[in-house]
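Report on one structure; see the data block that follows.
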Amino acid sequence: QVQLVESGGGSVQAGGSLRLSCAAVGGSAGDYFMAWFRQCPGKEREGVAYISTSARGDYTYYGDAVRYRFTISRDNAKNTVLLQMNNLKPDDTAIYYCAARIGVGEWHIASTYNYWGQGTQVTVSS
């Protein structure tokens with residue numbers, strides 16, 4: 001059973017950049033459909049970015065709020081999935097979670113994912 005460990009969160013001013021990393025322990029990240037979600041207090045978990053399995057060509061999807069600012073990618077040599085976040089805005093402030101699943105489905109629906117990391121805080125100040 002794969003375990004997901006996130007790192008890279010922190011505090012940054014608006015316009016800055018952060019890179020989140022999700023390490024897959026006990027499994028190969030390339031074999032899973034992977035995604036990043038985020039959640040603010042009192043709000044539902046929101047899909048941020050998604051990458052398909054390596055066998056399916058690492059196809060990516062993005063939420064409307066982050067498209068053209070965030071980039072999801074794999075580093076199979078390190079068994080990790082990365083989320084590069086540029087031009088950050090205060091509205092991007094949230095806890096960011098890495099998720100993985102075996103099957104297919106609507107990429108932005110949290111309940112379709114089998115495995116979750118513990119979350120990492122991202123805070124963007126104006």
* Would you mind reporting whether I72 and V81 have side-chain heavy atoms less than 4.5 Å apart? => yes
* Does OH in Y61 sit with more than 12 non-hydrogen atoms of other residues, nucleotides or ligands closer than 6.0 Å? -> no
* To do: Please confirm whether Y50 and W36 have ring centers closer than 6.0 angstrom.
  => no
* Structure fact -> One should read off an interatomic distance between Y115 OH and L4 CG, to the nearest 0.5 angstrom, of 9.5 Å
* CD-CD distance between Q118 and E6, expressed to the nearest 0.5 angstrom -> 4.5 Å
* L83 vs F70 side-chain heavy atoms within contact, under 4.5 Å -> yes
* Residues that S73 engages under side-chain contact (heavy atoms from CB on, under 4.5 Å), provided they are two or more places apart -> L82
* When you measure from the side chain of N114 to the backbone N and O of I102, does any donor-acceptor pair fall under 3.5 Å? -> yes
* So, is the end of the R101 side chain (NZ or CZ) under 6.0 Å from the ring centre of W107 and within 45° of the ring's axis? -> no
* Please check if W116 and I51 belong to a single hydrophobic cluster, counting links between Ile, Leu, Val, Met, Phe, Trp and Tyr side chain heavy atoms closer than 4.5 Å. => no
* **ring-ring contact (aromatic ring centres under 6.0 Å, His included) against Y97, all qualifying residues, sequence neighbours excluded** => none
* side chain to side chain donor-acceptor pair (under 3.5 Å): which pairs involve residues 76-90, sequence neighbours left out? -> S17-N86, S54-N76, Q84-N86
* **With sequence neighbours excluded, residues passing side-chain contact (heavy atoms from CB on, under 4.5 Å) with V124** => V12, A14, L88, P90, D92, T93, V122
* Taking everything shown except Q121 itself, do over 12 heavy atoms lie less than 6.0 Å from its CD? -> yes
* Asked: Ring centres of F37 and Y113 under 6.0 Å apart?
  -> yes
* Can you sort out the partners of S125 under side-chain contact (heavy atoms from CB on, under 4.5 Å), two or more places apart, ordered by chain and number? => Q13
* For the side chain of R67 and the backbone of Y62, is there at least one donor-acceptor N/O pair under 3.5 Å apart? -> yes
* What's the shortest heavy-atom distance between V66 and R38, and which atoms? -> CG1-NH1, 3.9 Å
* Asked: So how far is it from L18 CG to M85 CE, rounded to the nearest 0.5 Å?
  -> 4.5 Å
* Asked: In Å, rounded to the nearest 0.5 Å, how long is the span from CZ of R45 to NE2 of H108?
  -> 15.0 Å
* For R74 and A29, work out which heavy atoms get closest and say how close. => NH1-O, 2.6 Å
* **Under the salt bridge (charged side-chain N to carboxylate O under 4.0 Å, His left out) test, residues paired with R56 that sit two or more places apart** => none
* **Chi angles and distances behind the side chain to side chain contact (heavy atoms under 4.5 Å, CB included) call for F33, V104** => CA-CA 8 Å; F33 299 90; V104 296; 3.5 Å; yes
